[in-house]
There are 2 protein chains.
Amino acid sequence: MVRRKTRQGDVIRQVFEDEARPLSPAEVLSLSRKVITTLGQATVYRAIKQMVGDGLLIPVVVGGTTRYERAEMDHHHHFHCQSCDKTFDLPGCVENISKLVPEAWKILTHELTFFGMCQACNGEA
Amino acid sequence: MVRRKTRQGDVIRQVFEDEARPLSPAEVLSLSRKVITTLGQATVYRAIKQMVGDGLLIPVVVGGTTRYERAEMDHHHHFHCQSCDKTFDLPGCVENISKLVPEAWKILTHELTFFGMCQACNGEA
DNA sequence: CTTGTTGCAAAGCTTTTGCACAATC
DNA sequence: GATTGTGCAAAAGCTTTGCAACAAG
């Protein structure tokens, strides 16, 4: 099973580069169709699944929707704007965060998400 | 529209009391059917939606699934066990957590979730 | 009795899959 | 040319809704 380079795959990968924030399959489809108008949604789902399998993307569930973002990023967290429904990255983490979990439990990872209004939407309000 | 007391509603409310952790609709259905075997899933979804509307439950999305928990709890966070797929409460919070968000953004709330193995599953491994 | 509630089944959504055709290597 | 990738449409999950029968007050 050798991976082939295709126009569709290129465009989808480029969308993640350009947006630089977690994207839902619907967002990826919509953004990619600006380049390839006939792009099928199944292709988007398959490309995302493949990229997750290849370790290029990781899923993050924010606000009820599963979104995907580039795996290469440093550890960070998220902000979800309840006005424009976009999710943004927040660099950094917090000290002593694992003190919340009892010793006998094994932590593999953690996710921290803030909800509110992003700068753009907050300014308009 | 006066709310009526029904056997189904009582059982569903009791399940949330007894489990004392965030439950998915499927978990609620399964647990409630131990008492009312003929309970329909639509009834569970409707009861949950009603309780959310009444401010008795709040939705929390953990590990891709939407779960619901009693709203009366103090601010806290969650641990999701990747082995048994259950979500647990973690009392407390972390200092200075909002330092991650730029000043110009408006924070309404935040969610913190740890993923790993709960004590029970970790012991078995 | 009046009207909210239930269970079933159908409908909606989002995500996945089957298949014939197209594209890559 | 052999095989992977694509697009369409059908299928599979999960959640919501329409509706006739039921039951609470």
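Please read all numbers here as calculations on a predicted model, not as lab measurements.
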Would you kindly give the CG-to-C1' distance between B:Leu39 and D:dC22, to the nearest whole Å?
15 Å
Is there a residue in residues 24-31 of chain B whose heavy atoms reach under 4.0 Å of DNA chain C, and which residues are they?
none
Touch check for A:Thr38, heavy atoms < 4.0 angstrom, all strands: base, sugar-phosphate only, or nothing?
sugar-phosphate
Please give the angle, rounded to 10 degrees, between the axes at the start and the end of the helix from C:dC1-D:dG25 to C:dC25-D:dG1, where five pairs define each axis.
30°
Please find out if less than 6.0 Å separates the ring center of B:Trp105 from that of A:Phe114.
no
Determine: side-chain N/O of B:Gln50 to OP1/OP2 of C:dG4, distance under 4.0 Å, yes or no.
no
Figure out the CG/P separation between B:Asp10 and C:dT6, and round it to whole Å.
10 Å
Would you kindly say whether A:Thr87 and A:His78 are connected by a side-chain donor-acceptor distance under 3.5 Å?
no
Any salt bridge between A:Arg70 and A:Glu19, counting N to O under 4.0 Å?
no
Using OP1 and OP2 only, check whether a side-chain N or O of A:Gln41 sits under 4.0 Å from D:dA9.
no
Side-chain donor/acceptor of B:Arg33 to backbone N/O of B:Leu39, under 3.5 Å:
yes
From CD1 of B:Ile48 over to P of D:dC14, roughly how many Å is that when rounded to an integer?
14 Å
Strictly distance-based, threshold 3.5 Å: is any side-chain N or O of A:His80 a donor or acceptor partner for the main-chain N or O of A:Phe115?
no
Salt bridge or not between A:Asp10 and A:Arg7? Use side-chain N to carboxylate O under 4.0 Å.
no
Output one letter per nucleotide in nucleotides 17-25 of chain C: B when a protein non-hydrogen atom lies under 4.0 Å from the base, S when only the sugar-phosphate is that close, - when neither is.
BB----BBS
Could you tell me how far apart B:Gln8 (CD) and C:dC8 (P) are, to the nearest whole angstrom?
11 Å
Short side-chain to backbone donor-acceptor contact, B:Asn122 and A:Ala104, under 3.5 Å:
yes
After noting the C-alpha distance and the side-chain angles of B:Glu27 and B:Arg67, does the key distance pass the side chain to side chain contact (heavy atoms under 4.5 Å, CB included) rule?
CA-CA 9 Å; B:Glu27 285 175 315; B:Arg67 293 158 196 268; 3.1 Å; yes
Main-chain N/O of A:His76 paired with A:Asp89 side-chain donor or acceptor, under 3.5 Å:
no
Strictly under 6.0 Å, is that where the ring centroids of B:His75 and B:His110 end up?
yes
Considering residues, nucleotides and ligands other than B:Glu95, do more than 12 of their heavy atoms fall under 6.0 Å from its CD?
no
